[in-house]
2 protein chains.
Amino acid sequence: MTRVPVNRSSAYSPPVTASSAGAPAFALDRSSPVPLYYQLAQQLEAAIEHGELRPGALLGNEIELAGRLGLSRPTVRQAIQSLVDKGLLVRRRGVGTQVVHSQVKRPLELSSLYDDLEAAGQKPATRVVSNAVEQASAEVAAALGIAEGSEVHHLERLRLSHGQPMAFLSNYVAVSRLDLDTGRLESTGLYRMMRSAGITLHSARQTVGARSATPEEARLLDEPGGAALLTMQRTAYDDTGRAVEYGAHIYRASRYAFDFQLLVRA
Amino acid sequence: MTRVPVNRSSAYSPPVTASSAGAPAFALDRSSPVPLYYQLAQQLEAAIEHGELRPGALLGNEIELAGRLGLSRPTVRQAIQSLVDKGLLVRRRGVGTQVVHSQVKRPLELSSLYDDLEAAGQKPATRVVSNAVEQASAEVAAALGIAEGSEVHHLERLRLSHGQPMAFLSNYVAVSRLDLDTGRLESTGLYRMMRSAGITLHSARQTVGARSATPEEARLLDEPGGAALLTMQRTAYDDTGRAVEYGAHIYRASRYAFDFQLLVRA
DNA sequence: TAGTGGTCTAGACCACGTT
DNA sequence: ACGTGGTCTAGACCACTAT
């Protein structure tokens, strides 16, 4: 699931408000470009978030809900399904659809993907150590699916938090995919530059490991010699499946951990 | 997306085979209990897997596909959507639906969730170190959402691979949720016991970090003193959002890494 | 302008869980 | 037996992209 809004444009009746038996009211605007199923999903999510729909609460069956809202059942189902996919609702045959029993809340934060890319500019919390065009090493070329020796941007940054170093980030982007002007990079951020170049991130593959710090790394991150470091290699792909960015990062394990959520499939 | 099959049961026409212009053929069986959209999704996935549908290949528009297969468009869309969600296909308005440009392949493997639980029995690769009922510590109680001091099963296992220790796994399950008989546990596995107790895993929250090994841990895992270890804490939830299992594990960083895929939402 | 996916409707029958 | 979600149909109109 998870698609974007954008569409619709009619001019029928004014906003419809529906309510029943203490259940929250939903206001759907058919003149809005936001899809009806998306409007409903957002309002359901807000109701859950604000505690109007408590964990375990039943939503009422889909047919009745559809009738109350003046929507068709498939549209209501689409809204519900998107929240089921987010882990906020559960469907049970013969029982109904209910709000998940608290817990789990905040879905995965994409760990540090956006974070790393968004901050590629000169944010106070990030110091750009170097930004140059190099020839791709075998490792980088393989990760980006390009020929060894191709030109790539190599961006090295030190991530700070509260004045303390947190991580050392090393990113690679093929020049052929995006020409990174240093000036714009520092003011705009890598992620925004990708977007405006028509590249939409779609997925990323990450490997998280650990190892002991080399003396140089220990010095850079202000850790004692041989301290445990978290390592992360990530390749990000656009929506056609082509590699966009590769990063090989190290984090101070004493101050950093990856936190994420898995949804069980099927 | 991602639901389970199971349903349907009619007895109309025999299997339908459709094909056109070199595109792969799909055989749909309306008498099968497997949903039509699911049959189609599986066959599309197989065609991609086997290279019959190459990266970048267009699927043909949905209306025509539906007509060719004798399905309605929503059904075809449902099949396609499930593969889009898996990251195998991309839709573009005005263009069509195409196979993702290679890469990315194997979606997330749920890292070691199933792996850890499945192997909870006496698999040759796993040695049960201890299995006892204890009173929940504050950490465990908080993770499982139960009262401190409640009875929990505590299972400790050493994970081996090729005769070498790989990880030390420490799991907790509330007695009130599942009464673990040691004998059955070793022969059946934790995951299967949960399933037969009506518990279906739904999601899990994980934190991955690193630290240096204590002398005892180093000895246990056959690592040099102070070696870097990967740590992982995981809480697994059932489909009502209640915590089912909590684990605090350590892995030899020299031999183990977490590999997973992120899908960008929206 | 033509073609494609995105959204929506108003029904239908079936399978599963609860009662 | 009944109620709920699961699946499916046969259309419709709209929005975006490319030519």
Side-chain angles (χ1 to χ4, degrees), chain A residues 1-13 16 28-41 58-67 69-85 89-98 198 200 239-240 266, chain B residues 1-13 16 28-41 58-67 69-85 89-98 198 200 239-240 266:
Chain A
M1 257 323 88
T2 54
R3 265 153 275 132
V4 220
V6 184
N7 87 308
R8 208 98 306 258
S9 86
S10 327
Y12 309 98
S13 51
V16 174
L28 300 173
D29 180 2
R30 298 192 97 102
S31 70
S32 162
V34 178
L36 294 173
Y37 80 89
Y38 196 86
Q39 292 184 37
L40 177 54
L58 283 167
L59 238 58
N61 77 61
E62 298 174 348
I63 311 270
E64 181 255 350
L65 231 184
L69 297 173
L71 296 174
S72 69
R73 188 184 168 206
T75 300
V76 171
R77 274 185 68 81
Q78 192 172 3
I80 292 176
Q81 186 60 47
S82 70
L83 296 186
V84 169
D85 293 341
L89 297 177
V90 198
R91 289 207 242 237
R92 297 171 171 287
R93 273 209 268 229
V95 178
T97 301
Q98 47 188 320
T200 53
D239 53 9
T240 70
Chain B
M1 262 315 93
T2 50
R3 264 153 274 130
V4 218
V6 183
N7 86 310
R8 208 99 305 257
S9 87
S10 327
Y12 310 99
S13 52
V16 173
L28 300 173
D29 180 2
R30 297 192 98 101
S31 70
S32 162
V34 178
L36 294 172
Y37 80 88
Y38 196 86
Q39 293 184 38
L40 177 54
L58 283 167
L59 240 57
N61 76 60
E62 299 173 347
I63 310 269
E64 181 256 352
L65 231 183
L69 297 172
L71 297 174
S72 68
R73 187 185 168 203
T75 301
V76 171
R77 274 185 67 81
Q78 192 173 4
I80 291 176
Q81 186 60 47
S82 70
L83 297 185
V84 169
D85 293 341
L89 297 176
V90 197
R91 291 207 239 238
R92 297 170 172 286
R93 273 209 267 229
V95 178
T97 301
Q98 47 188 321
T200 53
D239 54 7
T240 69

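The separation between Arg91(A) atom CZ and dG17(C) atom P is 15 Å, rounded to whole Å. Summarising the geometry, the separation between CD on Gln39(A) and P on dT7(C) is reported as 12 Å, rounded to the nearest angstrom. The interatomic distance linking Glu64(A) (CD) with dG3(D) (P) rounds to 13 Å, in whole Å. Rounded to a whole Å, the CG atom of Leu89(A) is 13 Å from the C1' atom of dG5(D). Rounding to whole angstrom units, CZ of residue Arg77(B) and P of dC8(C) are separated by 11 Å. Nucleotide dT7(C) holds its P atom 14 Å from the CD atom of Gln81(A), rounded to whole Å.
Taking only side-chain nitrogens and oxygens, Tyr37(B) comes nearer than 4.0 Å to OP1 or OP2 of dT7(D).
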Trace of the side chain to side chain contact (heavy atoms under 4.5 Å, CB included) decision for Leu71(B) with Leu28(B):
CA-CA 10 Å; Leu71(B) 297 174; Leu28(B) 300 173; 3.5 Å; yes
Checking side chain to side chain contact (heavy atoms under 4.5 Å, CB included) for the pair Leu89(B)/Ile80(B): CA distance, chi angles, key distance, verdict?
CA-CA 7 Å; Leu89(B) 297 176; Ile80(B) 291 176; 4.1 Å; yes
Before you tell me yes or no, could you show the steps for Leu59(A) and Gln98(A) under side chain to side chain contact (heavy atoms under 4.5 Å, CB included), namely the whole-Å CA-CA distance, both residues' side-chain angles and the distance that decides it to 0.1 Å?
CA-CA 6 Å; Leu59(A) 238 58; Gln98(A) 47 188 320; over 6 Å; no
Check the pair Arg91(A) / Gln81(A) against side-chain hydrogen bond (donor to acceptor under 3.5 Å, both in side chains), numbers first and verdict last.
CA-CA 9 Å; Arg91(A) 289 207 242 237; Gln81(A) 186 60 47; 2.4 Å; yes
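Annotation: the span from Thr97(A) atom OG1 to Arg77(A) atom CZ amounts to 8.0 Å, rounded to 0.5 Å. For the atom pair CD (Gln39(B)) and CG (Leu69(B)), the distance works out to 11.0 Å, reported to the nearest 0.5 Å. To the nearest 0.5 Å, the span separating CD on Gln78(A) from OG on Ser72(A) amounts to 9.0 Å.
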Pairs under 3.5 Å (N/O, protein and nucleotides 2-4 of chain C):
unit_1, atom_1, unit_2, atom_2, d
dT4(C), OP1, Asn61(B), ND2, 3.3
dT4(C), OP2, Asn61(B), ND2, 3.0
dT4(C), O2, Gly94(B), N, 3.4

Under-3.5 Å N/O pairs linking protein and nucleotides 9-12 of chain D:
unit_1, atom_1, unit_2, atom_2, d
dT9(D), OP1, Arg30(B), NH2, 2.6
dT9(D), OP2, Ser72(B), N, 2.9
dT9(D), OP2, Ser72(B), OG, 2.7
dT9(D), OP2, Thr75(B), OG1, 2.6
dA12(D), N6, Arg73(B), NH1, 3.3

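Comparing the end axes of the helix from dT1(C)-dA18(D) to dT18(C)-dA1(D), each fitted to five base pairs by superposing C1' atoms of four pairs onto the next four, gives an inter-axis angle of 20° (nearest 10 degrees).
The nearest pair of heavy atoms linking Val76(B) to Leu65(B) is CG1-CD1, 4.2 Å. Among all heavy-atom pairs drawn from Leu36(A) and Arg30(A), the shortest one is CD1-NH2, 3.5 Å. Taking every heavy atom of both residues into account, Ser82(B) and Ala41(B) meet most closely at OG-CB, 3.5 Å.
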